[in-house]
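Since this is a predicted model, take the numbers as computed values, not measurements. Just the heavy atoms: all of them, side chains too, but no hydrogens, waters or symmetry mates, feed the values below. For the single chain, residues carry numbers from 1 onward in sequence order.
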Amino acid sequence: MDNNLLSAIETNWYGFVASIFVFAILFLLARKRIGFGTRVLIGLGIGLIAGIFFQYFDLETKAISTFGSIYVSLIRMLVIPLVFILVLNSISSLTNLEYLRKIGIKTFAWFLGTTGIASIIGLSVALLFNPGQGIQQDVPADFAAREIPTFSQVILDLVPSNPVNEAATGKVVPLLIFAIFLAVAIIKIGSKKPEAVKPVRDLIESLTLILHQVVKFIIRLTPYGVFALIAGITAHYGWETLQELGSVIITSYVAMIIHFVLIFGGLVLLVAKVNPIRFFRKIYPTITVAFTTRSSYATLPVNLEVITKRLHVSPRIASFIAPLGASVNFNACGGIWPAIVAVFTAQVFGIDLNWTDYITLVLVSIISSIGVAGVPGPAVISTTVVLTALGLPLEGIAIVAGVEALIDMGRTAVNATGTAVTALLVANSEGEFDREAFNSNDDEDDILLSTV
């Protein structure tokens with residue numbers, strides 16, 4: 001029998017050596033007090049170069065990808081306890097339920113409003129670029145369309161039936177709803193018998209502090225994880241995949257950049273009255289982690305730190321909006337991407353769309369972005385709903401599947417940024433945004449600068 005360890009070393013030693021070498025560089029940069037965000041960008045740049053090199057020479061990247069998988073697993077480890085405790089802590093600390101209703105309405109209004117705008121942008125750019133013209137792609141033989149959950153099933157999936165089981169299976173939205181119920185009960189009882197809920201409040205506060213410390217430990221690994229993830233992705237896809245459906249990739253990223261700059265930048269400038277360039281500079285750790293992990297949940301711990309420590313939004317606003325945004329805010333997955341795939345599919349299969357279809361597309365995108373909360377693969381489900389509503393072949397989803405992972409990197413970055421923008425807007429309207437601290441030049445948090 002072959003020795004698996006020796007075989008792994010023989011086929012992956014160069015990836016292991018390259019990883020250790022890059023890790024050493026990043027460690028030395030941390031020792032020299034180079035900023036956290038700067039180290040993340042350096043890790044990203046080195047990862048791109050390494051990925052292209054490994055792909056060009058057809059070298060095995062299993063060792064590098066393993067380091068990236070470890071980083072993502074450590075972050076995902078935090079998602080369930082973080083969502084539950086933070087939502088419980090942020091809501092139970094409120095003095096009245098009216099405040100919860102007010103920030104909840106504002107949060108969902110921004111989430112859904114920006115998703116609708118994102119859908120319009122995706123549709124407009126797709127009609128301008130015509131990504132499906134001249135493309136002849138065969139539908140994969142093993143393609144099977146995702147089944148759209150019924151309305152009753154969506155509602156049932158959102159309602160927690162067994163909180164312990166929901167946590168064990170990674171269902172975030174039902175656990176979030178359970179935490180809201182507990183928090184509201186604590187507020188109601190606390191208004192009449194404060195002494196009865198004091199031990200529970202103290203326990204929640206202690207757990208919050210402990211979780212924040214664990215988050216800080218893992219966030220320090222971000223530059224290393226970003227290098228490993230982007231190197232593995234670049235080496236896996238290479239340039240061939242980019243060439244096959246390059247028009248879809250270009251269309252998607254143009255739409256996302258427009259949404260990023262004009263909508264997010266405009267809201268930050270005109271509504272929050274802050275410098276958008278300073279805003280984007282402060283949140284680029286969130287953008288980078290979201291781009292490389294392709295997971296809003298995996299980005300949640302970093303985004304929470306960025307919103308509170310770099311944007312200087314109050315913790316109770318951030319603790320409410322950040323977990324909610326990771327679950328239901330799909331500007332790119334529910335807005336931009338379904339619109340582009342719909343236009344692409346119509347062009348590939350020679351189907352004409354009219355203005356009624358365009359209006360239907362936007363409305364369905366907004367509605368489906370609510371309905372897919374908590375459903376695995378929200379982009380696929382949202383796109384399936386939109387294509388079905390327009391009577392378009394679902395095979396269009398299969399045709400673009402080859403490049404979806406590359407586009408999903410940008411989609412996740414847009415989603416996570418949208419959550420940060422919403423947190424800033426809501427905090428600003430509630431007087432819980434420290435404008436003076438935001439405008440200071442002290443962008444780096446001491447914890448994030450600590451050496452690992």
Side-chain donor/acceptor of Tyr71 to backbone N/O of Tyr224, under 3.5 Å
no
Keeping the roles fixed (side chain from Ser296, backbone from Ala326), state whether a donor-acceptor pair exists under 3.5 Å.
no
message: In the structure I gave you, are the side-chain heavy atoms of Val386 and Ser365 within less than 4.5 Å of one another anywhere?
response: yes
Test log, rule side-chain contact (heavy atoms from CB on, under 4.5 Å), inputs Phe438 and Phe433:
CA-CA 8 Å; Phe438 176 89; Phe433 164 53; 3.6 Å; yes
- Message: Are Leu207 and Phe84 packed together at the side-chain level, in the sense that at least one heavy-atom pair is separated by less than 4.5 angstrom?
- Response: no
Are more than 12 heavy atoms, taken from residues, nucleotides or ligands other than Phe16, located less than 6.0 Å from that residue's CZ atom?
no
Per side-chain contact (heavy atoms from CB on, under 4.5 Å), Leu267 is matched among Ile117, Thr422, Thr114 by Thr114
Hits for salt bridge (charged side-chain N to carboxylate O under 4.0 Å, His left out) against Asp202, two or more places apart or cross-chain, chain-then-number order -> Lys198
Should Ile340 and Phe129 count as side-chain neighbours, where that means a heavy-atom distance under 4.5 Å? no
task = For the residue pair Gln213 and Phe217, establish whether any side-chain heavy-atom pair is separated by less than 4.5 Å.
result = yes
The reported gap from CG in Leu262 to CD1 in Ile257 (rounded to nearest 0.5 angstrom) is 11.0 Å
For Asn415, does its backbone N or O pair with a side-chain atom of Asn331 as donor and acceptor, under 3.5 Å?
no
**Study point:** Side-chain heavy-atom pair Val274, Leu424 within 4.5 angstrom cut-off
**Key:** yes
Could you tell me whether a side-chain N or O of Arg39 sits under 3.5 Å from a main-chain N or O of Phe27, the two making a donor and an acceptor? no
**Prompt:** If you draw a 6.0 Å radius around CD1 in Ile20, do more than 12 non-hydrogen atoms from other residues or ligands fall strictly inside?
**Reply:** yes
task: Give a yes or no on whether the backbone of Val313 and the side-chain of Glu432 come within a donor-acceptor separation of less than 3.5 Å.
output: no
Would a 4.5 Å heavy-atom cut-off, applied to side chains only, mark Leu82 and Pro301 as touching? yes
Do Phe349 and Leu392 touch side chain to side chain, with heavy atoms closer than 4.5 Å? no
Check your understanding: Would you find a donor on one side and an acceptor on the other, under 3.5 Å apart, between the side chain of Ser440 and the backbone of Ala437?
Key -> yes
Original post:
Are the ring centres of Tyr284 and Phe280 closer than 6.0 Å?
Top reply: no
- Message: What I'd like to find out is whether the side chain of Phe264 reaches to under 4.5 Å of the side chain of Val414, using heavy atoms alone.
- Response: yes
Closest non-hydrogen contact found for Asn303 with Ala416 is ND2-O, 3.3 Å
Inset, instruction - Output yes when a side-chain donor or acceptor of Lys282 lies under 3.5 Å from a complementary backbone atom of His312, and no otherwise. - result: no
TODO: Report yes or no: does Thr222 contribute a side-chain atom to a donor-acceptor pair with the main-chain N or O of Ile219 at less than 3.5 Å?
DONE: yes
